[in-house]
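Being a predicted model, the structure only gives us computed values, none of them experimental.
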Amino acid sequence: MSSVWSRPTPPRRPALTREAIVAAAIAIADAEGLAAVSIRRVAAELDARAMTLYSYIERKEDLLALMLDEISTEVLVGGPLPADWRAALLLLAGRERELVRRHPWRVELISQRVAVGPNGLRHVEQKLAAFDGLGIDPLTAWRYLAVFNDYMTGFVVREALERGAPRESGINDAERAAVAEPYIKELVESGEFPRLAPMIEQGVRGADDNFERGLAWVLDGIEGDLPGR
């Protein structure tokens, strides 16, 4: 089985190209969530037969991979990265966060181990380029990148869920909170949670934007581990 990116693009016909199929699928996912995306649904949006689309994309897994790779272009920096490695990573992190805000369904693809495409690899290459000139070997650079990615993934997944990313249960955040809050309030007022109680009462959860602060802590740790520090 060959990779979707290594297969030749089928001959084009007006209004039906692989690019148009991917664009239609992204538009559906943005509007209705990833669960709404199917070959049949995309075909309907393009006024084509589902079997015709299979001439361009063999299976839904390929479509998801192409969608992920297409939105990955949005995080790529067109010009040179900032010379300072921290500034470069902050720039890339900000773009990645905004990507998930525009396409919250990317969170679902993170857990599906969708195939990485050329634009995804270019994004990894740019993040690794931020470490150029620090005097570290490839394994250390990869480890630093893993820590950076772990923070980014955890943050954007949590933020997407808090902002209302679709959930299979169909219960929205307001309905969930209406059920949970009275019980949580009862537990907190029992006195069993003296440290958690003031945080809940003051509403510290989500009270400020912790993205750059948390990222700075991660970068501080990397900086403290650099050779000669």
Side-chain angles (χ1 to χ4, degrees), residues 1-79 92-127 149 152-153 155-176:
M1 184 182 297
S2 61
S3 168
V4 63
W5 291 280
S6 65
R7 299 180 210 133
T9 301
R12 298 186 176 190
R13 78 174 204 189
L16 189 59
T17 64
R18 181 178 287 174
E19 293 79 8
I21 294 168
V22 173
I26 290 173
I28 293 170
D30 286 346
E32 303 175 37
L34 196 63
V37 176
S38 67
I39 297 293
R40 185 178 299 277
R41 174 66 189 281
V42 174
E45 291 292 320
L46 295 173
D47 195 24
R49 296 191 311 124
M51 291 305 298
T52 304
L53 264 64
Y54 284 112
S55 300
Y56 294 79
I57 298 174
E58 292 185 6
R59 51 190 177 272
K60 184 178 178 180
E61 290 75 11
D62 288 346
L63 178 59
L64 296 178
L66 289 166
M67 291 167 63
L68 178 62
D69 200 59
E70 178 60 29
I71 64 172
S72 293
T73 62
E74 299 176 26
V75 297
L76 297 177
V77 177
L92 292 168
R95 293 172 75 96
E96 192 164 342
R97 183 189 188 190
E98 289 303 316
L99 171 70
V100 176
R101 285 182 165 184
R102 288 190 295 271
H103 310 292
W105 46 271
R106 183 176 182 268
V107 169
E108 297 178 61
L109 294 184
I110 290 174
S111 63
Q112 294 186 26
R113 301 183 67 84
V114 172
V116 176
N119 290 316
L121 291 178
R122 291 182 186 109
H123 179 48
V124 174
E125 181 71 14
Q126 283 200 330
K127 287 191 284 191
N149 284 340
M152 285 296 307
T153 299
F155 189 97
V156 300
V157 167
R158 177 181 58 79
E159 184 176 55
L161 293 175
E162 289 179 351
R163 289 168 64 90
R167 297 176 180 174
E168 292 184 2
S169 66
I171 302 174
N172 61 39
D173 288 339
E175 293 168 334
R176 194 181 308 276

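In this structure a side-chain-to-backbone donor-acceptor pair under 3.5 Å is missing from Thr52 to Ala48. Between the side chain of Asn119 and the backbone N or O of Asp69 there is at least one donor-acceptor pair closer than 3.5 Å.
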Could you walk me through whether Trp105 and Val37 satisfy the side-chain contact (heavy atoms from CB on, under 4.5 Å) test, starting with their C-alpha distance in whole Å, then the side-chain angles of each, then the deciding distance to 0.1 Å, before giving a yes or no? CA-CA 11 Å; Trp105 46 271; Val37 176; over 6 Å; no
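Scored by the side chain to side chain contact (heavy atoms under 4.5 Å, CB included) test, Gln112 finds Leu34, Leu64, Glu108, Leu109, Val114 as partners (sequence neighbours excluded). By the side chain to side chain donor-acceptor pair (under 3.5 Å) test, Glu61 pairs with no residue at all, sequence neighbours left out. Every residue two or more places apart in sequence or in another chain was checked for a salt bridge (Lys or Arg N to Asp or Glu O under 4.0 Å) with Arg122, and none qualifies. Listed by chain and residue number, nothing satisfies the side chain to side chain contact (heavy atoms under 4.5 Å, CB included) test with Ala23 (two or more places apart in sequence, or in another chain). By the ring-ring contact (aromatic ring centres under 6.0 Å, His included) test, His123 is found to be paired with no residue, residues two or more places apart in sequence or in another chain being considered. Looking at residues two or more places apart in sequence or on another chain, you find a side chain to side chain contact (heavy atoms under 4.5 Å, CB included) between Val77 and Leu81, Leu91, Leu92, Arg95, Gln126. Residues that satisfy the side chain to side chain contact (heavy atoms under 4.5 Å, CB included) test with Glu74, not counting sequence neighbours, are Ile71, Leu99, Arg102, His103.
Ile39 pairs in a side-chain contact (heavy atoms from CB on, under 4.5 Å) with only one of the listed residues (Ile21, Leu63, Asp62), which is Leu63.
Note that CD of Glu19 is 8.0 Å distant from CD of Glu70, once rounded to the nearest 0.5 Å. One distance of note links OG of Ser72 with CE of Met67; it measures 11.5 Å at 0.5 Å rounding. In this structure, CG on Leu16 lies 10.0 Å from CG on Asp47, to the nearest 0.5 angstrom.
Taking the side chain as every heavy atom from C-beta outward, Glu159 and Val100 never approach each other to under 4.5 Å.
Ionic pairing of Glu96 and Lys127 is present here: one or more N-O contacts between side-chain nitrogen and carboxylate oxygen are shorter than 4.0 angstrom. Note on Arg40 versus Glu45: no salt bridge recorded, every NZ/NE/NH1/NH2 to OD/OE distance being 4.0 Å or above.
Among all heavy-atom pairs drawn from Phe155 and Arg97, the shortest one is CE2-NE, 3.7 Å.
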